[in-house]
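First the structure, in the form of structure tokens, and then the observations on it.
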Amino acid sequence: MPAPVLCQSCGAGRAALRRPKTGQALCRECFVAAFEAEVHGTIVAARLFQPGETVAVGASGGKDSTVLAHLLRLLNQRHGYGLRLLLLSVDEGIAGYRDDSLDAVRRNRGRLGLPLHVVSYRELYGWSMDRIARHVGPKNNCTFCGVFRRQALDRGAALLGADKIATGHNADDVAETVLMNFLRGDVGRLRRCAGILTGSEGALPRCKPLKHAYEKEIVLYAYFQGLDYFSTECVYAPNAYRGHARTLLKDLEAIRPSAVADLVHSGERLAVREDVRMPTQGTCQRCGYLSSQPLCKACVLLEGLNRGLPRLGIGKPSRMQKVLTDAEKPEVGFREDSQQASRAIRTVDF
């Protein structure tokens with residue numbers, strides 16, 4: 001029988017894994033310590049937080065957001081960040097998926113002792129994702145969900161008085177996004193998608209403390225720490241374009257293990273020629289949300305749904321913007337008046 005492999009860090013314990021990120025053979029305790037130290041190093045190096053800030057942790061119930069909430073609470077206490085943490089979840093209205101994942105969030109809320117607030121598509125937009133999917137069909141569901149969820153997180157965090165939103169995006173997520181935007185030729189998003197801190201143009205700042213953490217290591221950390229998370233894939237995800245980028249990334253990683261980190265670093269260093277015309281950020285004429293067009297994408301999609309033309313928002317921006325801005329119809333969507341908006345949007349606290 002071959003001799004057990006010893007931990008390359010402490011030299012005493014028996015190695016429990018070989019790190020996907022570095023190839024080191026580590027025992028359980030040394031891996032956990034190294035993982036926590038790396039996330040702390042990322043937070044400090046990027047100056048993600050300032051003492052006294054209220055941080056809304058985007059909590060979906062999955063492995064990434066569960067590990068993020070656990071780590072932020074732990075590191076906040078260990079290193080004295082001075083943060084007020086709260087959990088913010090979005091209920092998209094997906095039966096058999098989001099309702100079950102929110103149960104996991106509620107269990108973690110009790111374990112972590114952090115307040116939980118939930119905003120829903122039904123209250124914000126008058127539509128659930130299941131209802132949207134019935135109108136849209138099997139394709140483009142993720143377009144609606146991604147746009148609505150991003151705005152829902154921003155509006156929920158603003159309503160709670162948060163200074164910043166922390167999301168569980170990991171290195172694999174960032175690499176997929178870089179690859180996906182490159183394949184689509186989306187220069188505007190490609191330029192900023194690898195940033196660890198976004199929102200400098202007026203939006204509520206968002207940060208990715210797990211940006212340099214590999215997905216495989218997040219799973220291992222959750223397992224070693226006995227964290228409770230929901231692992232079922234969304235029922236609409238198989239038709240998402242991101243899935244093709246993920247498959248390509250996994251094929252690249254099988255050939256070159258550093259492909260994930262390479263793509264992340266490439267995204268950070270990409271430069272755009274000075275003569276390339278970039279979108280100019282403004283505000284939506286209808287809801288006041290940040291937008292490079294007269295109407296933001298959420299309002300365009302919502303208008304199409306309410307008109308019975310769900311595919312109106314899927315297509316060339318110039319065409320659909322002209323259709324909506326030229327139409328003489330009562331406004332549908334959010335009102336600019338802050339008091340009316342506050343009454344329209346509320347969070348469910350647990």
Side-chain angles (χ1 to χ4, degrees), residues 8-9 19-24 26 29-59 63-86 114 153 157 162-179 181 189-201 203-222 224-225 227 249 253 257-272:
Q8 292 179 326
S9 179
R19 289 192 70 181
K21 185 174 182 178
T22 64
Q24 275 186 307
L26 297 178
E29 291 75 16
C30 287
F31 167 72
V32 167
F35 188 85
E36 292 172 354
E38 287 174 7
V39 174
H40 171 61
T42 298
I43 291 171
V44 172
R47 299 180 180 179
L48 295 186
F49 306 117
Q50 299 298 323
E53 286 186 329
T54 296
V55 178
V57 182
K63 62 183 185 313
D64 300 318
S65 65
T66 301
V67 167
L68 176 63
H70 170 84
L71 279 173
L72 286 183
R73 178 179 175 274
L74 177 72
L75 297 176
N76 188 39
Q77 294 176 344
R78 180 182 295 172
H79 299 287
Y81 293 164
L83 304 177
R84 174 177 173 260
L85 300 173
L86 54 87
L114 299 177
L153 270 177
D163 300 296
K164 201 165 287 176
I165 300 172
T167 62
H169 292 93
N170 58 48
D172 296 62
D173 296 327
V174 176
E176 287 169 13
T177 305
V178 170
L179 188 58
N181 288 329
R189 288 191 177 92
L190 187 58
R191 191 176 188 177
R192 62 178 182 269
C193 66
I196 193 170
L197 182 62
T198 58
S200 60
E201 298 170 324
L204 193 66
R206 289 183 178 221
C207 62
K208 309 181 188 86
L210 300 181
K211 176 188 169 182
H212 297 296
Y214 276 36
E215 184 177 43
K216 293 175 183 176
E217 297 201 350
I218 290 173
V219 173
L220 287 169
Y221 181 84
F224 287 142
Q225 295 295 84
L227 301 183
L249 179 61
E253 192 178 12
S258 64
V260 170
D262 293 342
L263 276 167
V264 172
H265 294 317
S266 295
E268 292 172 337
R269 288 162 174 76
L270 281 172
V272 180

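Quick caveat: nothing in here was measured; it's all calculated off a predicted structure. The basis for the numbers below is simple: all heavy atoms, side chains too, and nothing from hydrogens, waters or symmetry mates. We count residues from 1, following the sequence as given.
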Taken to the nearest 0.5 Å, the spacing of L210 CG from S65 OG works out to 9.5 Å
Result for side chain to side chain contact (heavy atoms under 4.5 Å, CB included) between L75 and one of V39, L83, V44 points to V39
Between the CZ atom in F31 and the OG1 atom in T22, the distance rounded to the nearest 0.5 Å is 9.0 Å
Apply side-chain contact (heavy atoms from CB on, under 4.5 Å) to residues L153 and L204 and explain how you reach the verdict. CA-CA 10 Å; L153 270 177; L204 193 66; over 6 Å; no
Are side-chain heavy atoms of R78 and H40 found at a separation under 4.5 Å? no
With the side chain counted from C-beta on, respond yes when E38 and T42 share a heavy-atom pair under 4.5 Å apart, and no when they do not. no
Look only at the side chain of D163 and the backbone of V55, and say whether a donor-acceptor pair between them is shorter than 3.5 Å. no
If we only count heavy atoms from C-beta on, is the Y221 to L71 side-chain gap below 4.5 Å? yes
Evaluate the criterion side-chain contact (heavy atoms from CB on, under 4.5 Å) for residue pair V67 and F35; output intermediate values, then yes/no. CA-CA 11 Å; V67 167; F35 188 85; 4.2 Å; yes
A side-chain contact here means heavy atoms from C-beta on lying under 4.5 Å apart; do I218 and D172 qualify? no
Side-chain donor or acceptor of N170 paired with backbone N/O of E215 under 3.5 Å: no
Would you say the side-chain atoms of K211 pair up with the backbone N or O of A194, donor to acceptor, closer than 3.5 Å? yes
Between V260 and L249, does the side-chain contact (heavy atoms from CB on, under 4.5 Å) criterion hold? Intermediate values first, please. CA-CA 7 Å; V260 170; L249 179 61; 4.2 Å; yes
Should Y81 and E53 count as side-chain neighbours, where that means a heavy-atom distance under 4.5 Å? no
